[in-house]
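Below is one structure; the comments refer to it alone.
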Amino acid sequence: MMQNQKYASPQEIAEYLLTTEAKLANDRYHGVGLPYTKFGRKILYSWEAVEAYLEKNTVNTTKSQAGQKDQENK
């Protein structure tokens with residue numbers, strides 16, 4: 001999971017998310033995806049921001065949403 005560092009390189013994030021550095025670069029180019037920081041020419045990702053992004057973009061399946069609604073209606 002998260003490292004003991006506050007920031008991570010694109011390589012570390014790509015490995016963590018099971019994706020590629022090219023995908024992260026493409027997302028940055030298109031202005032989508034994970035928030036990042038530029039320090040000169042270096043790209044850094046905050047572990048805190050990565051975790052928050054993942055939490056915000058977690059999708060519940062339709063089946064689990066239907067189950068929750070059924071529980072609420074009882």
Side-chain angles (χ1 to χ4, degrees):
M1 194 164 190
M2 262 197 298
Q3 307 297 318
N4 291 331
Q5 306 166 344
K6 187 172 180 178
Y7 292 96
S9 69
Q11 179 182 3
E12 292 170 310
I13 297 301
E15 185 177 314
Y16 179 71
L17 296 177
L18 306 175
T19 191
T20 65
E21 290 180 68
K23 167 69 170 122
L24 295 173
N26 192 46
D27 286 351
R28 289 192 307 268
Y29 177 79
H30 290 289
V32 298
L34 299 167
Y36 64 94
T37 301
K38 275 189 89 169
F39 183 71
R41 294 176 62 183
K42 189 173 188 102
I43 300 294
L44 299 171
Y45 292 92
S46 159
W47 281 112
E48 185 177 318
V50 170
E51 291 296 329
Y53 180 86
L54 292 174
E55 186 70 32
K56 181 180 175 187
N57 289 283
T58 297
V59 177
N60 293 317
T61 64
T62 305
K63 187 175 182 178
S64 67
Q65 289 175 347
Q68 287 175 349
K69 289 181 182 175
D70 289 342
Q71 292 294 328
E72 291 171 1
N73 290 332
K74 287 183 177 183

Working for side-chain contact (heavy atoms from CB on, under 4.5 Å), residues L17 and L34: CA-CA 11 Å; L17 296 177; L34 299 167; 3.6 Å; yes

Kindly say whether Y53 contributes a backbone atom to a donor-acceptor pair with the side chain of N57 at under 3.5 angstrom? yes

For the backbone of E15 and the side chain of T19, can you confirm whether one donor and one acceptor N or O come within less than 3.5 Å of each other? no

At their closest point, which heavy atom of W47 faces which heavy atom of Q5, and how far apart are they? CD1-O, 3.0 Å

Heavy-atom pair of closest approach, residues P10 and I43: CD-O, 3.4 Å

Does E48 offer a backbone N or O that forms a donor-acceptor pair with the side chain of E51 under 3.5 Å? no

For the OH atom of Y36 and the CG atom of L44, what is their distance to the nearest 0.5 Å? 11.5 Å

Quick one: NZ on K38 to CZ on R28, what's the gap to the nearest 0.5 Å? 8.5 Å

L24 and V50: same hydrophobic cluster, using ILVMFWY side-chain contacts below 4.5 Å? yes

